[in-house]
Protein chains: 2
Amino acid sequence: MNHKWLDILSKNGYRLTDSRKAVVEIISLSTHALTPIEIYEKAKAKRDDIGLVSVYRTLEKLEELKLIQRVHQPASCQAFMVASQEHQHLLLCSTCGEIQFFDGDDLETLIATISKKTGFKISEHWLQLFGQCANCQKTQS
Amino acid sequence: MNHKWLDILSKNGYRLTDSRKAVVEIISLSTHALTPIEIYEKAKAKRDDIGLVSVYRTLEKLEELKLIQRVHQPASCQAFMVASQEHQHLLLCSTCGEIQFFDGDDLETLIATISKKTGFKISEHWLQLFGQCANCQKTQS
DNA sequence: CCTCTTATTGAAAATTATTTTCAATTATAG
DNA sequence: CTATAATTGAAAATAATTTTCAATAAGAGG
Ligand SMILES: [Mn+2]
Ligand SMILES: [Mn+2]
Ligand SMILES: [Zn+2]
Ligand SMILES: [Zn+2]
(Lines give C-alpha, C1' and ligand atoms only; values in the text may rest on other atoms or scores of the structure.)
(Ligands and ions follow the chains in the order given, each with its own letter.)
Protein backbone atom coordinates (compact mmCIF):
# COMPACT_ATOMS: atom_id res chain seq x y z
CA MET A 1 0.00 0.00 0.00
CA ASN A 2 2.67 2.29 1.21
CA HIS A 3 4.76 1.77 -1.90
CA LYS A 4 1.86 2.04 -4.24
CA TRP A 5 0.90 5.39 -2.73
CA LEU A 6 4.40 6.77 -3.09
CA ASP A 7 4.40 5.70 -6.73
CA ILE A 8 1.10 7.40 -7.33
CA LEU A 9 2.25 10.59 -5.65
CA SER A 10 5.40 10.52 -7.70
CA LYS A 11 3.60 9.83 -10.96
CA ASN A 12 1.41 12.81 -10.30
CA GLY A 13 4.38 15.09 -10.06
CA TYR A 14 4.60 15.26 -6.29
CA ARG A 15 8.01 14.85 -4.72
CA LEU A 16 8.74 12.22 -2.15
CA THR A 17 9.97 13.95 0.93
CA ASP A 18 10.53 12.51 4.37
CA SER A 19 7.60 14.45 5.79
CA ARG A 20 5.32 13.13 3.13
CA LYS A 21 6.56 9.59 3.51
CA ALA A 22 5.94 9.69 7.23
CA VAL A 23 2.33 10.79 6.75
CA VAL A 24 1.73 8.21 4.04
CA GLU A 25 3.08 5.40 6.15
CA ILE A 26 0.99 6.33 9.16
CA ILE A 27 -2.32 6.73 7.46
CA SER A 28 -1.94 3.91 4.96
CA LEU A 29 -1.41 1.42 7.76
CA SER A 30 -4.06 2.59 10.19
CA THR A 31 -7.26 0.69 10.85
CA HIS A 32 -8.71 3.78 12.52
CA ALA A 33 -9.60 7.14 11.15
CA LEU A 34 -7.01 9.69 12.24
CA THR A 35 -7.25 13.44 12.66
CA PRO A 36 -4.56 15.76 11.32
CA ILE A 37 -3.28 16.28 14.87
CA GLU A 38 -3.13 12.57 15.58
CA ILE A 39 -1.19 12.01 12.39
CA TYR A 40 1.10 14.88 13.30
CA GLU A 41 1.86 13.41 16.72
CA LYS A 42 2.64 10.02 15.26
CA ALA A 43 4.69 11.54 12.48
CA LYS A 44 6.85 13.41 14.94
CA ALA A 45 8.17 10.05 16.12
CA LYS A 46 9.58 9.41 12.67
CA ARG A 47 10.64 12.92 11.91
CA ASP A 48 10.66 15.21 14.87
CA ASP A 49 10.82 18.47 12.98
CA ILE A 50 7.77 17.86 10.82
CA GLY A 51 5.24 20.70 10.74
CA LEU A 52 1.53 20.23 11.22
CA VAL A 53 1.06 22.20 8.05
CA SER A 54 2.79 19.48 6.06
CA VAL A 55 0.35 16.97 7.41
CA TYR A 56 -2.52 19.12 6.14
CA ARG A 57 -0.83 19.55 2.79
CA THR A 58 -0.19 15.86 2.37
CA LEU A 59 -3.73 14.94 3.36
CA GLU A 60 -4.99 17.38 0.78
CA LYS A 61 -3.03 15.62 -1.96
CA LEU A 62 -3.91 12.13 -0.82
CA GLU A 63 -7.56 13.06 -0.78
CA GLU A 64 -7.34 14.60 -4.23
CA LEU A 65 -5.79 11.35 -5.49
CA LYS A 66 -8.57 9.45 -3.72
CA LEU A 67 -6.13 7.44 -1.65
CA ILE A 68 -7.79 8.64 1.54
CA GLN A 69 -11.24 9.85 2.49
CA ARG A 70 -12.80 11.85 5.26
CA VAL A 71 -14.79 9.78 7.73
CA HIS A 72 -18.02 11.20 9.09
CA GLN A 73 -18.97 10.18 12.59
CA PRO A 74 -21.49 11.53 15.10
CA ALA A 75 -18.77 13.10 17.22
CA SER A 76 -16.69 14.64 14.44
CA CYS A 77 -15.87 14.67 10.76
CA GLN A 78 -12.23 15.61 10.92
CA ALA A 79 -10.66 12.20 10.61
CA PHE A 80 -9.25 10.48 7.56
CA MET A 81 -8.65 6.90 6.54
CA VAL A 82 -7.64 4.81 3.55
CA ALA A 83 -10.18 4.94 0.73
CA SER A 84 -11.18 1.91 -1.23
CA GLN A 85 -10.98 2.29 -4.98
CA GLU A 86 -14.45 0.95 -5.64
CA HIS A 87 -17.74 2.09 -4.21
CA GLN A 88 -17.74 1.19 -0.56
CA HIS A 89 -19.45 1.18 2.81
CA LEU A 90 -18.11 1.50 6.31
CA LEU A 91 -18.59 -0.48 9.47
CA LEU A 92 -17.41 1.49 12.49
CA CYS A 93 -16.82 0.51 16.09
CA SER A 94 -18.20 3.27 18.28
CA THR A 95 -16.04 2.13 21.16
CA CYS A 96 -12.51 1.80 19.80
CA GLY A 97 -12.85 3.51 16.45
CA GLU A 98 -11.87 0.54 14.33
CA ILE A 99 -13.21 0.73 10.80
CA GLN A 100 -13.77 -1.92 8.17
CA PHE A 101 -15.17 -1.86 4.70
CA PHE A 102 -18.02 -4.11 3.80
CA ASP A 103 -20.06 -4.76 0.74
CA GLY A 104 -23.00 -6.80 -0.36
CA ASP A 105 -25.65 -4.13 0.00
CA ASP A 106 -28.33 -4.30 -2.57
CA LEU A 107 -30.00 -0.96 -2.79
CA GLU A 108 -31.05 -1.10 -6.43
CA THR A 109 -34.69 -1.77 -5.68
CA LEU A 110 -34.86 0.81 -2.94
CA ILE A 111 -33.18 3.42 -5.11
CA ALA A 112 -35.52 2.74 -8.01
CA THR A 113 -38.52 3.07 -5.72
CA ILE A 114 -37.39 6.30 -4.11
CA SER A 115 -36.41 7.67 -7.48
CA LYS A 116 -39.84 7.01 -8.90
CA LYS A 117 -41.62 8.33 -5.85
CA THR A 118 -39.67 11.59 -5.57
CA GLY A 119 -38.48 12.33 -9.09
CA PHE A 120 -34.86 12.52 -7.91
CA LYS A 121 -32.13 11.18 -10.18
CA ILE A 122 -30.00 9.37 -7.63
CA SER A 123 -26.31 9.22 -8.33
CA GLU A 124 -24.61 8.22 -5.13
CA HIS A 125 -25.24 6.79 -1.70
CA TRP A 126 -23.58 6.66 1.68
CA LEU A 127 -24.16 3.70 3.92
CA GLN A 128 -22.46 3.33 7.28
CA LEU A 129 -23.10 0.83 10.02
CA PHE A 130 -22.17 1.66 13.59
CA GLY A 131 -21.72 -0.83 16.37
CA GLN A 132 -19.24 -2.51 18.60
CA CYS A 133 -16.48 -4.76 17.33
CA ALA A 134 -15.94 -8.28 18.65
CA ASN A 135 -13.00 -7.15 20.73
CA CYS A 136 -14.78 -4.30 22.45
CA GLN A 137 -17.74 -6.56 23.21
CA LYS A 138 -15.46 -8.90 25.14
CA THR A 139 -13.55 -6.18 26.93
CA GLN A 140 -16.48 -4.62 28.73
CA SER A 141 -20.05 -5.61 29.63
CA MET B 1 -43.93 22.40 14.21
CA ASN B 2 -42.95 25.83 15.34
CA HIS B 3 -45.40 25.75 18.26
CA LYS B 4 -44.49 22.24 19.27
CA TRP B 5 -40.80 23.14 19.44
CA LEU B 6 -41.46 26.17 21.60
CA ASP B 7 -43.50 24.01 23.97
CA ILE B 8 -40.72 21.49 24.20
CA LEU B 9 -38.12 24.15 24.85
CA SER B 10 -40.35 25.63 27.50
CA LYS B 11 -41.09 22.31 29.17
CA ASN B 12 -37.40 21.67 29.40
CA GLY B 13 -36.86 24.84 31.35
CA TYR B 14 -35.62 26.99 28.49
CA ARG B 15 -37.06 30.46 28.21
CA LEU B 16 -38.77 31.67 25.09
CA THR B 17 -36.94 34.75 23.92
CA ASP B 18 -37.31 36.59 20.68
CA SER B 19 -33.88 35.48 19.50
CA ARG B 20 -34.70 31.88 20.17
CA LYS B 21 -38.08 32.12 18.53
CA ALA B 22 -36.51 33.58 15.40
CA VAL B 23 -34.05 30.71 15.11
CA VAL B 24 -36.75 28.12 15.75
CA GLU B 25 -39.00 29.56 13.14
CA ILE B 26 -36.29 29.66 10.50
CA ILE B 27 -34.92 26.20 10.94
CA SER B 28 -38.21 24.45 11.61
CA LEU B 29 -39.60 25.67 8.31
CA SER B 30 -36.61 25.10 6.06
CA THR B 31 -36.41 22.32 3.50
CA HIS B 32 -32.65 22.86 3.25
CA ALA B 33 -29.92 22.33 5.75
CA LEU B 34 -28.75 25.69 7.05
CA THR B 35 -25.43 26.73 8.53
CA PRO B 36 -25.23 28.86 11.69
CA ILE B 37 -24.28 31.86 9.58
CA GLU B 38 -27.16 31.34 7.17
CA ILE B 39 -29.57 31.11 10.07
CA TYR B 40 -28.03 34.22 11.57
CA GLU B 41 -28.50 36.21 8.37
CA LYS B 42 -32.12 35.17 8.08
CA ALA B 43 -32.73 35.80 11.75
CA LYS B 44 -31.48 39.35 11.46
CA ALA B 45 -34.46 40.12 9.28
CA LYS B 46 -36.77 39.30 12.17
CA ARG B 47 -34.63 40.72 14.93
CA ASP B 48 -31.84 42.89 13.73
CA ASP B 49 -29.84 42.93 16.93
CA ILE B 50 -29.56 39.17 17.31
CA GLY B 51 -26.08 37.83 17.94
CA LEU B 52 -24.53 34.94 16.07
CA VAL B 53 -23.69 33.47 19.42
CA SER B 54 -27.38 33.10 20.22
CA VAL B 55 -27.84 31.12 17.05
CA TYR B 56 -25.13 28.73 18.17
CA ARG B 57 -26.63 28.48 21.62
CA THR B 58 -30.09 27.77 20.32
CA LEU B 59 -28.84 25.16 17.87
CA GLU B 60 -27.07 23.44 20.73
CA LYS B 61 -30.30 23.15 22.67
CA LEU B 62 -32.40 22.08 19.71
CA GLU B 63 -29.88 19.38 18.91
CA GLU B 64 -29.82 18.19 22.49
CA LEU B 65 -33.62 17.91 22.38
CA LYS B 66 -33.31 16.05 19.08
CA LEU B 67 -35.43 18.57 17.23
CA ILE B 68 -32.65 19.21 14.75
CA GLN B 69 -29.72 17.24 13.45
CA ARG B 70 -26.43 17.96 11.74
CA VAL B 71 -26.37 17.07 8.05
CA HIS B 72 -23.23 15.51 6.63
CA GLN B 73 -22.45 16.28 3.01
CA PRO B 74 -19.33 15.89 0.88
CA ALA B 75 -18.65 19.60 0.91
CA SER B 76 -19.31 20.30 4.57
CA CYS B 77 -20.90 19.08 7.78
CA GLN B 78 -21.82 22.39 9.33
CA ALA B 79 -25.47 22.56 8.39
CA PHE B 80 -28.53 21.66 10.41
CA MET B 81 -32.06 20.64 9.61
CA VAL B 82 -35.21 19.34 11.25
CA ALA B 83 -34.81 15.86 12.70
CA SER B 84 -37.47 13.23 12.36
CA GLN B 85 -38.48 11.55 15.57
CA GLU B 86 -38.13 8.02 14.23
CA HIS B 87 -35.19 6.39 12.56
CA GLN B 88 -34.69 8.05 9.20
CA HIS B 89 -32.78 8.41 5.97
CA LEU B 90 -32.01 11.41 3.83
CA LEU B 91 -32.35 12.13 0.17
CA LEU B 92 -30.33 15.18 -0.81
CA CYS B 93 -30.22 17.27 -3.96
CA SER B 94 -26.58 18.02 -4.71
CA THR B 95 -27.59 20.98 -6.85
CA CYS B 96 -30.00 23.03 -4.78
CA GLY B 97 -29.56 21.46 -1.38
CA GLU B 98 -33.14 20.37 -0.91
CA ILE B 99 -33.50 17.51 1.53
CA GLN B 100 -36.25 14.96 2.03
CA PHE B 101 -36.70 12.04 4.35
CA PHE B 102 -37.45 8.65 2.94
CA ASP B 103 -37.99 5.22 4.34
CA GLY B 104 -38.59 1.73 3.17
CA ASP B 105 -35.05 0.50 3.39
CA ASP B 106 -34.75 -3.07 4.43
CA LEU B 107 -31.30 -3.63 5.76
CA GLU B 108 -32.14 -6.42 8.22
CA THR B 109 -30.66 -9.15 6.07
CA LEU B 110 -27.56 -7.18 5.20
CA ILE B 111 -26.99 -6.23 8.81
CA ALA B 112 -27.38 -9.82 9.97
CA THR B 113 -24.90 -10.99 7.36
CA ILE B 114 -22.28 -8.36 8.15
CA SER B 115 -22.76 -8.94 11.82
CA LYS B 116 -22.13 -12.65 11.49
CA LYS B 117 -19.18 -12.15 9.17
CA THR B 118 -17.39 -9.55 11.30
CA GLY B 119 -18.53 -10.20 14.84
CA PHE B 120 -19.73 -6.60 15.21
CA LYS B 121 -22.88 -5.93 17.19
CA ILE B 122 -24.53 -3.36 14.95
CA SER B 123 -26.66 -0.77 16.65
CA GLU B 124 -27.22 2.00 14.18
CA HIS B 125 -26.94 2.88 10.52
CA TRP B 126 -26.72 5.93 8.35
CA LEU B 127 -28.10 5.85 4.85
CA GLN B 128 -28.10 8.86 2.56
CA LEU B 129 -28.91 9.09 -1.10
CA PHE B 130 -27.52 11.93 -3.17
CA GLY B 131 -28.85 13.07 -6.50
CA GLN B 132 -30.66 15.79 -8.33
CA CYS B 133 -34.23 16.76 -7.56
CA ALA B 134 -36.92 16.93 -10.24
CA ASN B 135 -36.72 20.70 -10.29
CA CYS B 136 -32.99 20.93 -10.79
CA GLN B 137 -33.13 18.33 -13.55
CA LYS B 138 -35.49 20.56 -15.51
CA THR B 139 -33.63 23.79 -14.85
CA GLN B 140 -30.35 22.78 -16.43
CA SER B 141 -29.08 20.05 -18.82
C1' DC C 1 -49.40 43.86 37.94
C1' DC C 2 -44.86 43.58 41.04
C1' DT C 3 -40.72 41.46 42.49
C1' DC C 4 -37.12 38.36 42.63
C1' DT C 5 -34.35 34.91 40.78
C1' DT C 6 -31.83 33.19 37.37
C1' DA C 7 -31.61 32.08 32.37
C1' DT C 8 -30.38 34.53 28.46
C1' DT C 9 -28.49 38.15 25.89
C1' DG C 10 -24.86 40.43 22.62
C1' DA C 11 -20.08 42.10 22.57
C1' DA C 12 -15.65 40.99 23.00
C1' DA C 13 -12.07 37.91 24.00
C1' DA C 14 -10.39 33.31 23.70
C1' DT C 15 -9.79 28.99 21.58
C1' DT C 16 -9.45 25.73 17.87
C1' DA C 17 -9.03 24.33 13.14
C1' DT C 18 -7.34 25.35 8.81
C1' DT C 19 -5.07 28.15 5.19
C1' DT C 20 -1.86 31.46 3.41
C1' DT C 21 2.52 33.77 3.07
C1' DC C 22 7.33 33.62 2.82
C1' DA C 23 12.18 32.83 2.68
C1' DA C 24 15.08 28.73 3.09
C1' DT C 25 15.74 24.06 1.71
C1' DT C 26 15.76 20.02 -1.13
C1' DA C 27 13.96 16.49 -4.66
C1' DT C 28 14.71 15.42 -9.02
C1' DA C 29 15.29 16.05 -14.19
C1' DG C 30 18.89 16.55 -17.17
C1' DC D 1 26.74 18.25 -10.48
C1' DT D 2 23.55 21.94 -11.44
C1' DA D 3 19.44 24.41 -12.16
C1' DT D 4 14.79 24.70 -11.28
C1' DA D 5 10.72 24.44 -9.19
C1' DA D 6 8.28 21.91 -5.53
C1' DT D 7 8.26 21.59 -0.69
C1' DT D 8 9.36 22.80 3.81
C1' DG D 9 8.36 24.74 8.73
C1' DA D 10 7.41 29.12 11.11
C1' DA D 11 4.55 32.66 11.59
C1' DA D 12 0.68 35.27 10.34
C1' DA D 13 -3.94 35.22 8.73
C1' DT D 14 -8.53 33.50 8.45
C1' DA D 15 -12.58 30.91 9.83
C1' DA D 16 -15.44 28.49 13.04
C1' DT D 17 -16.85 27.90 17.58
C1' DT D 18 -16.80 28.63 22.59
C1' DT D 19 -16.15 31.23 26.76
C1' DT D 20 -16.44 35.23 29.67
C1' DC D 21 -18.95 38.94 31.38
C1' DA D 22 -21.96 42.58 32.77
C1' DA D 23 -26.59 44.01 31.38
C1' DT D 24 -31.23 42.52 30.47
C1' DA D 25 -35.52 40.19 30.67
C1' DA D 26 -38.48 35.70 31.12
C1' DG D 27 -41.42 33.86 33.97
C1' DA D 28 -42.54 31.79 38.81
C1' DG D 29 -44.71 33.21 42.80
C1' DG D 30 -47.05 36.41 45.14
MN1 LIG E 1 -23.64 0.68 -1.77
MN1 LIG F 1 -32.67 2.48 7.94
ZN1 LIG G 1 -13.96 -1.71 18.95
ZN1 LIG H 1 -32.47 20.44 -6.42
Side-chain angles (χ1 to χ4, degrees), chain A residues 3 5-27 33-65 68-80, chain B residues 3 5-27 33-65 68-80:
Chain A
H3 241 229
W5 289 25
L6 297 180
D7 279 359
I8 294 175
L9 278 166
S10 189
K11 274 180 191 127
N12 281 79
Y14 296 122
R15 295 183 178 172
L16 302 182
T17 65
D18 288 349
S19 297
R20 230 162 235 181
K21 284 189 260 184
V23 171
V24 164
E25 176 155 289
I26 288 159
I27 193 165
L34 299 172
T35 61
I37 294 277
E38 286 167 343
I39 294 168
Y40 172 63
E41 314 267 64
K42 287 175 194 284
K44 271 200 294 205
K46 294 181 195 293
R47 185 175 167 66
D48 74 333
D49 64 333
I50 192 175
L52 175 57
V53 74
S54 285
V55 173
Y56 275 103
R57 289 189 280 224
T58 301
L59 290 176
E60 186 178 297
K61 285 160 185 71
L62 294 175
E63 193 177 24
E64 168 206 325
L65 296 171
I68 63 169
Q69 68 185 141
R70 187 178 291 272
V71 176
H72 301 263
Q73 293 191 258
S76 122
C77 303
Q78 285 144 239
F80 293 85
Chain B
H3 242 229
W5 289 25
L6 296 180
D7 279 356
I8 294 174
L9 279 167
S10 190
K11 274 179 192 128
N12 281 81
Y14 296 121
R15 293 182 181 174
L16 303 181
T17 65
D18 287 350
S19 298
R20 229 162 236 181
K21 284 189 261 185
V23 171
V24 164
E25 177 155 291
I26 289 161
I27 192 164
L34 299 172
T35 62
I37 295 277
E38 286 168 343
I39 295 168
Y40 172 63
E41 315 267 62
K42 286 175 194 284
K44 272 199 294 206
K46 294 181 195 294
R47 186 174 166 68
D48 76 332
D49 64 334
I50 192 175
L52 174 57
V53 72
S54 285
V55 173
Y56 276 102
R57 289 190 278 225
T58 301
L59 290 174
E60 185 178 297
K61 285 162 184 70
L62 295 175
E63 193 178 23
E64 168 206 326
L65 296 172
I68 63 170
Q69 66 185 141
R70 186 178 292 270
V71 176
H72 303 262
Q73 293 191 257
S76 120
C77 304
Q78 284 144 239
F80 293 84

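All values below come from the heavy atoms of this structure, side chains included, with hydrogens, waters and symmetry mates left out. Given the structure is predicted, the values throughout are model-derived calculations rather than measurements. Lettering of chains follows the sequences in order, A, B, ..., and the numbering in each one begins at 1.
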May I ask you to evaluate whether B:R20 reaches the phosphate of C:dT9, defined as a side-chain N or O under 4.0 Å from OP1 or OP2? yes
Please answer whether the main-chain N or O of A:S10 pairs with a side-chain N or O of A:R15 as donor and acceptor at a distance below 3.5 Å. no
Whole angstroms only, please: what is the CG-C1' distance between B:D49 and C:dA11? 12 Å
Closest heavy-atom pair, B:H72 versus B:C77, reported as atoms and distance to 0.1 Å, is ND1-SG, 3.7 Å
Could you encode protein contacts along nucleotides 23-30 of chain D as a string, one character per nucleotide from 5' to 3', using B for base contact, S for sugar-phosphate-only contact and - for no contact, with a heavy-atom cut-off of under 4.0 Å? --BBS---
A:Y56 atom OH is separated from D:dA13 atom P, nearest whole Å, by 19 Å
With nearest nucleotide decided by heavy atoms, which residue, B:Q78 or A:T58, maps closer to the 5′ end of DNA chain D? A:T58
Closest non-hydrogen contact found for B:P36 with B:Q78 is CD-O, 3.3 Å
B:F80 CZ to D:dA16 C1', in whole Å, measures 12 Å
Could you give the CG-to-P distance, from A:L59 to C:dA17, as a whole number of Å? 14 Å
Please work out which residues in residues 36-46 of chain A have a non-hydrogen atom less than 4.0 Å from an atom of DNA chain D and list them by number. none
Quick one: which of C:dT9, D:dA16, D:dT8 gets closest to the side chain of A:S19? D:dT8
How many angstroms lie between atom CD1 of B:I26 and atom NZ of B:K21, to the nearest 0.5 angstrom? 14.0 Å
Expected list for residues 38-47 of chain B: side-chain donor-acceptor pairs under 3.5 angstrom, two or more places apart:
from, atom 1, to, atom 2, distance (Å)
B:E38, OE1, B:T35, N, 2.8
B:E38, OE1, B:T35, OG1, 3.4
B:K46, NZ, B:E25, OE2, 2.6
B:R47, NE, B:S19, OG, 2.9

Using a 4.5 Å cut-off on heavy atoms from C-beta on, say whether the side chain of B:V71 contacts that of B:F80. no
Student check: side-chain heavy atoms of B:T17 and B:R20 closer than 4.5 Å: yes
B:L9 CG to B:L16 CG distance, which is reported to the nearest 0.5 Å: 6.5 Å
In whole angstroms, the gap separating P of D:dT17 from NZ of B:K61 amounts to 16 Å
Which of C:dT18, D:dT18, D:dT17 is nearest the side chain of B:V53? It is D:dT18
Nearest-Å distance, CD (A:E60) to P (C:dA17)? 18 Å
Which residue lies toward the 5' end of DNA chain C, B:G13 or B:L52, if each is placed at its nearest nucleotide? B:G13
Measure NZ/B:K21 against C1'/C:dT9 and give the value in whole Å, please. 15 Å
Could you give the side-chain donor-acceptor pairs of residues 56-65 of chain A under 3.5 Å, partners two or more places apart or in another chain?
from, atom 1, to, atom 2, distance (Å)
A:T58, OG1, A:S54, O, 2.9
A:E64, OE1, A:Y14, OH, 3.1
A:E64, OE2, A:Y14, OH, 3.1

To the nearest Å, give me how far apart CZ (B:R57) and C1' (D:dT20) are. 10 Å
